Structures are given as structure tokens and as C-alpha cells.
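Contents: one structure, followed by commentary.
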Amino acid sequence: MTSPAVSVSPDAPAVEAARDDILDRALWVNTEGVQVTVDQGVVTLSGWMGRRTETGIAVRMTRRVNGVVDVIDRLTWKQDDSTWDAK
């Protein structure tokens with residue numbers, strides 16, 4: 001898996017935590033389409049992930065990273081698995 005582009009700024013520890021701890025280690029999903037940028041503690045997650053539920057989890061977990069003030073969710077998904085069709 002290749003690492004997506006990450007901005008370098010004074011917020012670098014928050015970027016690294018979001019990228020390494022949340023996206024790569026905790027979720028165990030393909031995150032090659034995700035870009036992470038941080039400006040004054042506000043993390044922007046953009047790009048795509050495989051499933052809609054994964055994007056929600058990524059946003060919630062990123063909000064819990066030390067130094068993160070807010071998260072802007074600009075993620076899209078390939079499969080909408082947010083509804084369960086019980087037949």
C-alpha cells in the first residue's frame with residue numbers, strides 16, 4: 001500500500017497520528033486514496049475509501065487524536081454499505 005500525500009506543517013504530529021495510527025493501523029483498510037492535511041489543528045480528510053461506513057469511522061477516530069480541534073470530512077466511497085437490507 002502506498003502512502004498518500006501529507007502536508008508538512010507545525011501540525012505534522014496530528015497528520016502523522018491520523019495517517020499512521022488511525023488510517024493505516026486501526027482501520028486495516030485500503031487508504032491509498034485518502035489525503036490528510038492539517039491547518040491549526042483542523043484535519044481535512046479527502047479522497048476516497050472503499051466503503052461509506054469506513055469513512056465515518058475514520059472521521060470519528062481522527063477527532064480523538066491529540067491536538068485535533070476539528071475534522072472536515074471530504075471523503076467519498078465506492079460502496080454505500082450504510083444500509084442493511086434484511087430480507
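Because the structure is predicted, anything quoted here is derived from the model rather than measured.
Within the 3.5 Å criterion, the main-chain N or O of Gly47 finds a donor-acceptor partner in the side chain of Thr76.
Distance check, rounded to the nearest 0.5 Å: OG1 of Thr62 to CG of Asp70 gives 11.5 Å. Arg51 contributes atom CZ, which lies 10.5 Å from atom CD1 of Ile57 (distance to the nearest 0.5 angstrom). Arg74 CZ to Thr55 OG1: the interatomic distance, rounded to the nearest 0.5 Å, is 14.5 Å. Here the CE atom belonging to Met61 is positioned 12.0 Å from the CD atom belonging to Glu54, to the nearest 0.5 angstrom.
Heavy-atom minimum distance, Ala58 versus Met49: CB-SD, 4.1 Å. Taking all atoms of both residues into account, the shortest heavy-atom contact from Val69 to Gln40 is CG2-O, 4.0 Å.
Under a hydrophobic-cluster definition in which Ile, Leu, Val, Met, Phe, Trp and Tyr are linked whenever side-chain heavy atoms come within less than 4.5 Å, directly or via other members, Trp48 and Leu45 are assigned to different clusters. Val59 and Trp77 are assigned to two separate hydrophobic clusters, defined by single-linkage of ILVMFWY side chains at heavy-atom distances under 4.5 Å.
In this structure Arg52 satisfies the salt bridge (charged side-chain N to carboxylate O under 4.0 Å, His left out) test together with Asp80, sequence neighbours excluded.
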